[in-house]
Each structure stands twice: as structure tokens, then as C-alpha cells.
Amino acid sequence: MTVRTLLPASSILGIAGHPWSAKADKIQSATGILLGCFLLVHLHFESSILLGKEAFYQVVQILEGGMFSETGHGFPIVTKIFSILILLVVILHAAVALRRFPAQLGQWRALRRHMNVIKHKDSHAWFWQLVTGFILFFLAPVHIFTMITNPEIGPHLSAERVYHANAWLLYALLLPAVVIHAMIGLYRVAVKWGFTANRSGLRKLAKVMIIYLITIGVFSLVSYIYLGHGLSLPIEPYVPTGH
Ligand code: HEM
């Protein structure tokens, strides 16, 4: 006599894993790499204010396509469209990341127990990515929406936003959260997809990058505050010398 064991479809999925899950994993890594690389470039461009107003002005004009206008002045619409694209990538990244979030108190307790018992550095890194991801869920859209609705960037215009419109408060919270999240994220992607076997070297690099990016970010923020403090309202956009 043959005995057939019929498994309900749901339990087969439970064993084999849902095909969507592998796809969601790839989307999460791909959008994460894109956003992590964007952040690395973004913070460097933005820190050109440390080299002076002229340097930051020129970076903005190049990024906004100043070479295509007769006056040499860029088009803020470029920033607006790019910001909408980045927002879409952030939404996609958050949507696939949400499924990993511990949803119930019991799951949080299990995670904490696991971290206390298995003192593995990667579990701690994952925990910090979870916490910073939660913070970014609220802070990142505020900044990106501002760049969509008010895309004018320049030494004076940015200083006005940072100092007179109090965006420094947002940036002071956003900067550490996004830098930690992005660097741990890039580290985890590199380990997960087997880009390197040298975990401890990569962990050190991630730590150095976190300290480096927060440092240039804080110095830039202080520059904008200092600049904004020296400007009286209404703010006149910066005009480079010799124009
Ligand atoms: C394409 C969209 C974006 C544009 C056009 C943009 C532009 C800017 C600009 C011009 C500043 C300088 C201050 C100001 O003018 O207000 C700034 C600061 C900042 N942005 Fe963005 N940003 C974008 C997306 C993002 C994203 C997705 C993140 C990370 C979630 C981010 C994180 C930051 C941080 C942390 C600062 C403060 C840096 C510091 O403290 O020196 N930005 N952004």
C-alpha cells in the first residue's frame, strides 16, 4: 500500500521559500548599493563648501547643467527631477526592507536574546541598521521633499535653508543615521554576495568611512550655519566674483 502524504501548499512554500523573497532580496541589495553610492558622492559634492563659496557654486552649476545655458547658470529643474527619482528608489528600498522588520514585541525580545547570547558582530551591525532604517523612514523623505519643492541650491541659498529655515536640526539627526545605515548596508551587501572574504578588514573600512563621512558632514554643516549667520534676510543668491 502506498502512503501519500499531502502537504498543504502553504507549508511547501514555507520549506522552499517564496520565489518573491529572492527577488525582493536582490531589489533590496541593488537599491541599497545605488543609494549608498549616491550618499558617498552626495556628501563629497555637498562638502565642497569647505573649499569656499565659489567651489560649491561651481559644483552646483555643473550638476544642474550650467554649460547648456547662455548665462552659465544651471537649471534647478534638474535637481527637482533627480530628487523625484531618488525618492522613488528610496520608496522601493523601504518597501522591500519592511518585510524584515520584527513586527511584534516577541520578535524584538527574541532578537535581543539572540544578541545577548551570540555576541556576533554582524548581528549587532544588523540591529543598528534596523534602528537607523527606522529613523530614516521618517527623516529622509522630509529632506527629499524639500529638494523637490524648493530645489534652489547655492552657497547663500543653502545657508539660508540650513540656518534661517532651521534645516540644520534635520541634518544633525539625518547625517549620523544615514551614514551608519549606508556604510553597514554596503558592508553587509559585500559579505552577503561574497564580494570579499575579509570580513574584519571590511568592518574596519566601514568604521573608518563612518567617522570620515560624519566628520566632513559636521564641518560642512558648521560652515553653512556660520555662513547663514553672517547673511541678513532677504537672502541674495551668491554671485561669483568676476560675473
Ligand atoms: C536627489 C536628492 C537630493 C538632493 C538634491 C540633495 C541636496 C542636498 C543639499 C543641497 C544639501 C546641503 C544643504 C542644503 O542646501 O539644504 C544636502 C544636505 C544633506 N543631505 Fe541631501 N540631497 C538629496 C538626497 C539626499 C538623501 C537621499 C540623503 C540621505 C537619506 C541625503 C542626506 C543629506 C544629509 C545628511 C545632508 C547634511 C549633510 C551635512 O551635514 O553636511 N540627501 N542635501
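One-based numbering, in listed order, for ligands and for the atoms of each.
Under the 30°/60° scheme for interplanar angles, the aromatic rings of Phe38 and Phe82 are found to be tilted.
For atom 39 (C) of ligand 1, the closest non-hydrogen atom on the protein side is Gly217 O, 3.3 Å. The protein atom (non-hydrogen) at minimum distance from atom 35 (C) of ligand 1 is Leu175 CA, 3.6 Å. Looking from atom 1 (C) of ligand 1 to the surrounding protein, the closest heavy atom is Phe82 CD2, 3.3 Å. Scanning all protein heavy atoms for the shortest distance to atom 15 (O) of ligand 1 gives Ser158 OG, 2.7 Å.
Leu63 and Val89 are assigned to two separate hydrophobic clusters, defined by single-linkage of ILVMFWY side chains at heavy-atom distances under 4.5 Å.
Heavy atoms only, all atoms of each residue included: Ser83 and Ile148 are closest at CB-CG1, 3.5 Å.
The heavy atom nearest to atom 18 (C) of ligand 1, out of those in Tyr171, Trp168, Phe56, Phe38, is found in Tyr171.
Looking at Val178 against ligand 1, only its side chain comes within 4.0 Å, counting heavy atoms. Under 4.0 Å from ligand 1, the heavy atoms of Ile86 that appear belong solely to its side chain.
The number of heavy atoms from other shown groups lying within 6.0 Å of CH2 (Trp128) does not exceed 12. Within a 6.0 Å sphere centred on NE2 of His229, other residues, nucleotides and ligands contribute 12 heavy atoms or fewer.
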Enumerate, atom names and distances included, each donor-acceptor pair closer than 3.5 Å involving a side-chain atom of residues 180-191, sequence neighbours excluded.
{"unit_1": "His181", "atom_1": "ND1", "unit_2": "Gln129", "atom_2": "O", "d": "3.1"}
{"unit_1": "His181", "atom_1": "ND1", "unit_2": "Thr132", "atom_2": "OG1", "d": "3.1"}
{"unit_1": "His181", "atom_1": "ND1", "unit_2": "Gly133", "atom_2": "N", "d": "3.3"}
{"unit_1": "Tyr187", "atom_1": "OH", "unit_2": "Asp122", "atom_2": "OD1", "d": "2.8"}
{"unit_1": "Tyr187", "atom_1": "OH", "unit_2": "Asp122", "atom_2": "OD2", "d": "3.4"}
{"unit_1": "Tyr187", "atom_1": "OH", "unit_2": "Arg203", "atom_2": "NH1", "d": "3.1"}
{"unit_1": "Arg188", "atom_1": "NE", "unit_2": "Gln129", "atom_2": "OE1", "d": "3.0"}

Going by atom type alone, with no hydrogens or angles, which donor-acceptor pairs under 3.5 Å involve a side-chain atom of residues 207-227 and a protein atom two or more places apart or on another chain?
{"unit_1": "Tyr212", "atom_1": "OH", "unit_2": "His44", "atom_2": "NE2", "d": "2.7"}
{"unit_1": "Thr215", "atom_1": "OG1", "unit_2": "Ile211", "atom_2": "O", "d": "2.6"}
{"unit_1": "Ser220", "atom_1": "OG", "unit_2": "Ser47", "atom_2": "OG", "d": "3.1"}
{"unit_1": "Ser220", "atom_1": "OG", "unit_2": "Ile216", "atom_2": "O", "d": "2.7"}
{"unit_1": "Ser223", "atom_1": "OG", "unit_2": "Phe219", "atom_2": "O", "d": "3.1"}
{"unit_1": "Tyr224", "atom_1": "OH", "unit_2": "Glu46", "atom_2": "O", "d": "3.1"}

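The Ile153 neighbourhood of ligand 1 comprises atoms 10 (C), with distances under 4.0 Å to a heavy atom of that residue. If you number the atoms of ligand 1 from 1 as listed, the ones under 4.0 Å from a heavy atom of Ser220 come out as 41 (O).
Each of Tyr238, Tyr163, Phe56, Tyr57 was compared with His156 under the ring pair (Phe, Tyr, Trp, His ring centres under 6.0 Å) criterion, and only Tyr238 meets it.
Within the 3.5 Å criterion, the main-chain N or O of Phe45 finds a donor-acceptor partner in the side chain of Ser48. Not one N or O on the side chain of Arg161 forms a donor-acceptor pair closer than 3.5 Å with the backbone of Thr146.
For atom 21 (Fe) of ligand 1, protein N/O/S neighbours under 2.8 Å (waters excluded) are His42 NE2, His143 NE2.
In this structure, Val96 belongs to a hydrophobic cluster whose other members, linked by side-chain heavy atoms under 4.5 Å apart, are Trp20, Ile27, Leu92.
Residue contacts with ligand 1: Ser83 is placed with no nitrogen or oxygen under 3.5 Å of a nitrogen or oxygen of the ligand (distance criterion only). Geometrically, ligand 1 and Thr79 share no nitrogen or oxygen pair separated by less than 3.5 Å.
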